[in-house]
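Remember, it's 1-based here, ligands and their atoms both numbered in the order they're listed. What you are looking at is a predicted structure, and each value in this text was computed from that prediction instead of being measured.
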Amino acid sequence: MKELIGVVPLGEVPTLAIEVVAANITAYYKLPADVLPMRPLPESTFDEARLKYNAGILINKLDMLDFDGYSKIVGVISRDMFIPIFNFVYGQAVQGGSLALISLFRLNRNADGSTPSTSLVFERAAKLALHELGHLFNLFHCNEPKCIMHFSGVIEDLNKIPFYLCRDCARRLPR
Ligand SMILES: [Zn+2]
Ligand SMILES: [Zn+2]
């Protein structure tokens, strides 16, 4: 199957952010990426105890059958999300699979509480998408700090990682 990536807003997400994510996917991975129409964010994935969306359940709600013609889907939400072992996650992906998710929620704030420029917010969103797509291409977390597959636990990590894969990870990318 030819690779065609779909970037889909789940609920209200700024259009420009979605376009920047799609453009960066094409620029870095050299793959076509389409901006898809908005889908509602399934409210059943909201966890009343943690007041966030459950990323694992949400990703399971994204059925590939709904995205005919697309080999990989990156869902984008504006709300906060978590997985049971972490208080929050920036992104989630099915390792080696077709579905990934990123959340813009925590990108609008710097570590010191100040507000980042819009371009920095977009830069962070693009890095998240490139990282989660790496998982879809079956790349794992990388120890090299100068690699998009380096794990980001806090916002400074996301600022530090580059837009590209290290040489080892790039070699593992499927042709
Ligand atoms: Zn990761
Ligand atoms: Zn790497």
Can you tell me which N/O/S atom of H131 has the shortest distance to the Zn ion (ligand 1)? NE2

Show the numbers, then the answer: is there a side-chain contact (heavy atoms from CB on, under 4.5 Å) between L130 and Y164? CA-CA 8 Å; L130 296 180; Y164 51 84; over 6 Å; no

Tell me, please, if C169 has any N/O/S atom, main chain or side chain, under 2.8 Å from the Zn ion (ligand 2)? yes

Between NE2 of H135 and NE2 of H141, what angle is found at the Zn ion (ligand 1), rounded to 10 degrees? 100°

Metal site angle (apex the Zn ion (ligand 2)), SG from C142 and SG from C147, 10 degrees: 110°

With a cut-off of 6.0 Å (strictly less than), are more than 12 heavy atoms of other residues, nucleotides or ligands near CD of E12? no

Single hit among L58, I57, L62 for side-chain contact (heavy atoms from CB on, under 4.5 Å) with P42: L58

Any sub-3.5 Å donor-acceptor pair from K72's side-chain atoms to L4's backbone N or O? no

